[in-house]
Amino acid sequence: MFALYSAWLGFIGCVALSVLEHFMLWPLALVCLVLGVIGAVDLVQTNQSIRRNYPILGHLRFFLEFIRPEIRQYFFESNTEAAPFSRNQRSLVYQRAKSVMDKQAFGTQSDLYRQGTEWLNHSTAPVHLSNPDFRVRIGGPACTQPYSASIFNISAMSFGALSANAILALNKGAKRGNFAHDTGEGSISPYHREHGGDLIWEIGSGYFGCRNAEGQFDPERFAEQACDPQVKMIEIKLSQGAKPGHGGVLPGPKVTEEIAQTRGVMVGVDCVSPAAHSAFSTPLGLMQFIGELRGLSGGKPVGIKLCVGHPWEWFAMAKAMQSSGTRPDFIVIDGSEGGTGAAPVEFADHMGFPLIEGLMLVHNTLVGLDIRQDIKLIASGKIISAFDIAKMCALGADLCNSARGFMFALGCIMAQACHTGHCPTGVTTQDRKRQRALDPENKSERVHNFHRNTLKALGELLGAAGLDHPQHLKPQHVSRRINGQQVSLLADCYTFAKPGELLRGGRPGSLFEQYWDAAQAASFRLA
């Protein structure tokens, strides 16, 4: 109440003195009047107790709370504290994107004796790699147009979630660096096509870009786009790490004419992504859908993307591959570490398998069925550095995707305002004034640089380990600190299936022991 009384007393005092020809006090009187009115409103409102008990001063608390994330990030957060990415991680991307020095002096800032610390073991016989542009051939026996993919690509981010300028920069960067750009489920926009970079077309439950008026899958519209030479692979999104099992709605006011045309929906009408697909409802139906898309696309690689949930549902898919003879050419394992998509807190924190556990389950299943060689695994989830790529490859991935890494390369400052439309760097907004700040030409070069310099660093890591390709990385090449006194190789931290083990009745782990026999190809439910 002191601030309220002071404001009104100040106003009365200034007015009184102004009457006595102290005219310069009128501005101060006006300020006191405004504060007095604010305090009076605070006193009678009933929404916020703090404002009612502490008129005027209560606003200071809300202001400090509003700027707390920025104050913490810029002044108090340590360089190695990840929330969700540390300053060191972000700085590494910025440096590599700008092609400036990314070396570090005076030793590591990390505590090497902290539980969970990991490192790649080096060789006393290192090798020199002259070309770190590592490629992986994607395409199983049924694929007639296999794709030679970079080991590091842009993960799924839709036009609509990202700005037009961001899409332009990402695709031009992918074109320059000869790597792939995943469209996200928002379909292929004109901005994806302008520079001709390789595309992975993601098909979600809304079938955007290949749907009929009722929102069902339209084979003719799909074939028309999928046969475009720029589209290299087709990806069926079953779930995403940011909010697995959760549908989405783009509110009608945000569905502009441009977005409506790209997605094949109506302008100004809510654009719904259902939680489940309508083109199939069983694991066998999913395999049939994969075969259909492969045929309609002219034999291009077709895969699935999922954040692993119920293990028996994944086992059901694997059994469907086995019984039908139809297999995806690749599987993207999205970790529940989240991504660019905004999600309810409970989903972001407590839904879905983290990347490592999901990758291990899928890898072991395919090895156990002796079909791992036909299906490439793509890891996606907080992959920023060359070591991140190396670790995922050691655990079974063939290649990696990154979303937020390439957002940092575009200039993202981790303001965490992606879902508000107020992105300060123009990356995740449809506000033309805001996205004008993002220059596609300049940022495309940074996207290219980040990719190129990360692969260069990966080549140096591999050379130091005595290896010449990421596919030669094994779990015995990486160590992890278990506690202050114990260190183990990743090969000893996890259970790894033997080729054909499931076919011979073996069960490589407790999840297989509990759920493998009860999973069925004809249904996602337990038998």
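Everything quoted here is computed from the prediction, not taken from an experiment.
Taking the side chain as every heavy atom from C-beta outward, Arg211 and Asp218 never approach each other to under 4.5 Å. Counting only heavy atoms from C-beta outward, the side chains of Leu355 and Glu337 approach each other to under 4.5 Å. Side chains of Arg176 and Ser444 form a contact here, defined as non-hydrogen atoms less than 4.5 Å apart. Asp198 is not listed as a side-chain neighbour of Asn153, based on a closest heavy-atom distance of 4.5 Å or more. Val447 places a side-chain heavy atom less than 4.5 Å from the side chain of Phe179. A 4.5 Å side-chain heavy-atom check between Val332 and Ile200 finds every atom pair outside the cut-off. Two residues are said to be in side-chain contact when any heavy atoms from C-beta on lie closer than 4.5 Å; Pro328 and Met321 meet this criterion. The shortest side-chain heavy-atom distance between Pro190 and Thr262 falls under the 4.5 Å cut-off.
Checked options His363, Lys376, Arg372; the residue passing with Asp398 is Arg372 (criterion: side chain to side chain donor-acceptor pair (under 3.5 Å)). Among Asn401, Asp182, Asp334, the single residue meeting the side chain to side chain donor-acceptor pair (under 3.5 Å) criterion with Ser380 is Asp334. Here the rule is side-chain contact (heavy atoms from CB on, under 4.5 Å) with Val267, and of Glu258, Glu257, Gln261 only Glu257 fits it. Of the residues Cys227, Cys210, Pro219, the one that meets the side-chain contact (heavy atoms from CB on, under 4.5 Å) test with Leu296 is Pro219.
No donor-acceptor distance shorter than 3.5 angstrom exists from the side chain of Glu235 to the backbone of Ile331, with no hydrogens or angles considered. A donor-acceptor pair under 3.5 Å is formed between the side chain of Arg135 and the backbone N or O of Ser148. Under the 3.5 Å distance criterion, the side-chain polar atoms of Ser163 are matched with a main-chain donor or acceptor of Gly426. Here the side chain of Gln225 pairs a donor or acceptor atom with the backbone of Gly209 at under 3.5 angstrom. No side-chain donor-acceptor contact under 3.5 Å links Ser158 to the backbone of Ala161. Judged purely by atom type and a 3.5 angstrom limit, Lys300 uses its side chain to pair as donor or acceptor with the backbone of Val231. With hydrogens and angles ignored, the 3.5 Å screen pairs no side-chain donor or acceptor of Gln520 with any backbone N or O of Ala522. Side-chain atoms of Ser297 never come within 3.5 Å of backbone atoms of Ala226 as a donor-acceptor pair (strictly under, hydrogens ignored). For Ser402 (side chain) and Ile383 (main-chain N/O), a donor-acceptor pair under 3.5 Å exists by modelled atom type. Judged purely by atom type and a 3.5 angstrom limit, His451 has no side-chain atom pairing as donor or acceptor with the backbone of His448.
Across all non-hydrogen atoms, the minimal contact from Arg434 to Pro424 is NH1-CA, 4.0 Å. Residue Met414 comes nearest to Pro84 through the heavy atom pair SD-CD, 3.7 Å, listed as atom of the first residue, atom of the second, then distance. For the residue pair Ala318 and Thr365, the shortest heavy atom distance occurs at CB-CG2, 3.5 Å. Ala316 approaches Ala519 most closely through the heavy-atom pair N-CB, 3.8 Å. In plain terms, the two heavy atoms of Lys175 and Gly197 that are nearest each other are CB-CA, 3.9 Å. Nearest heavy-atom pair, Glu202 versus Thr183, reported as atom, atom and distance to 0.1 Å: N-OG1, 3.1 Å.
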Inset, instruction - Check the pair Leu377, Leu366 against side chain to side chain contact (heavy atoms under 4.5 Å, CB included), reporting the backbone distance first and the verdict last. - result: CA-CA 10 Å; Leu377 297 186; Leu366 299 180; 3.8 Å; yes
Inset, instruction - List the steps, then state whether side chain to side chain contact (heavy atoms under 4.5 Å, CB included) holds for Tyr207 with Arg221. - result: CA-CA 10 Å; Tyr207 306 112; Arg221 294 198 65 190; over 6 Å; no
Legend entry - Test log, rule side-chain hydrogen bond (donor to acceptor under 3.5 Å, both in side chains), inputs Asn453 and Ser99: CA-CA 8 Å; Asn453 289 323; Ser99 277; 3.2 Å; yes
Inset, instruction - Output, in order, the C-alpha distance, side-chain angles, deciding distance and verdict of side chain to side chain contact (heavy atoms under 4.5 Å, CB included) for Gln288 and Thr326. - result: CA-CA 7 Å; Gln288 183 178 353; Thr326 300; over 6 Å; no
Legend entry - Worked check of side-chain hydrogen bond (donor to acceptor under 3.5 Å, both in side chains) between Ser385 and Asp388: CA-CA 5 Å; Ser385 71; Asp388 296 334; 3.3 Å; yes
Inset, instruction - Starting from the C-alpha separation in whole Å, work towards a yes-or-no answer on side chain to side chain contact (heavy atoms under 4.5 Å, CB included) for Phe159 and Arg263. - result: CA-CA 9 Å; Phe159 168 59; Arg263 299 194 177 196; over 6 Å; no
Inset, instruction - Please report the C-alpha distance between Phe450 and Phe152 in whole Å, then the side-chain angles of each, then the deciding distance to 0.1 Å, and finally whether the ring pair (Phe, Tyr, Trp, His ring centres under 6.0 Å) criterion is met. - result: CA-CA 10 Å; Phe450 170 55; Phe152 190 43; 5.8 Å; yes
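Between Asp439 and Arg446, no side-chain nitrogen of the basic residue sits less than 4.0 Å from a carboxylate oxygen of the acidic one, so the salt-bridge criterion is not met. A salt bridge does not link Glu194 to Lys172: none of the charged side-chain nitrogens sits closer than 4.0 Å to a carboxylate oxygen.
The stretch residues 452-461 participates, sequence neighbours left out, in no salt bridge (charged side-chain N to carboxylate O under 4.0 Å, His left out) pair at all.
Donor-acceptor pairing under 3.5 Å is lacking for the side chains of His195 and Asn171. Side-chain atoms of Asp329 and Tyr147 form no donor-acceptor pair, as typed in the model, at a separation below 3.5 Å.
Separation of atoms OH (Tyr191) and CG (Leu162) is listed at 13.0 Å; rounding is to 0.5 Å. One finds the OG1 atom of Thr454 at 12.0 Å from the CD1 atom of Ile151 (value rounded to the nearest 0.5 Å). How far CE of Met392 is from CD1 of Ile378: 14.5 Å, rounded to the nearest 0.5 Å. Note that the CE atom of Met407 and the SG atom of Cys423 stand 6.5 Å from one another [nearest 0.5 Å]. Annotation: the span from Leu286 atom CG to Glu313 atom CD amounts to 11.5 Å, rounded to 0.5 Å. Considering CD of Gln230 and CZ of Arg193, their distance stands at 6.0 Å, rounded to 0.5 Å.
Ring planes of Phe134 and His469: perpendicular class, angle over 60° (limits at 30 and 60°). A perpendicular orientation is assigned to the rings of Phe408 and Tyr94, their planes being inclined by more than 60° (bins at 30° and 60°).
Looking at residues two or more places apart in sequence or on another chain, you find a salt bridge (charged side-chain N to carboxylate O under 4.0 Å, His left out) between Lys237 and Glu185.
By the 6.0 Å contact criterion, CD on Gln216 is enclosed, its count of non-hydrogen atoms from other residues, nucleotides or ligands being greater than 12.
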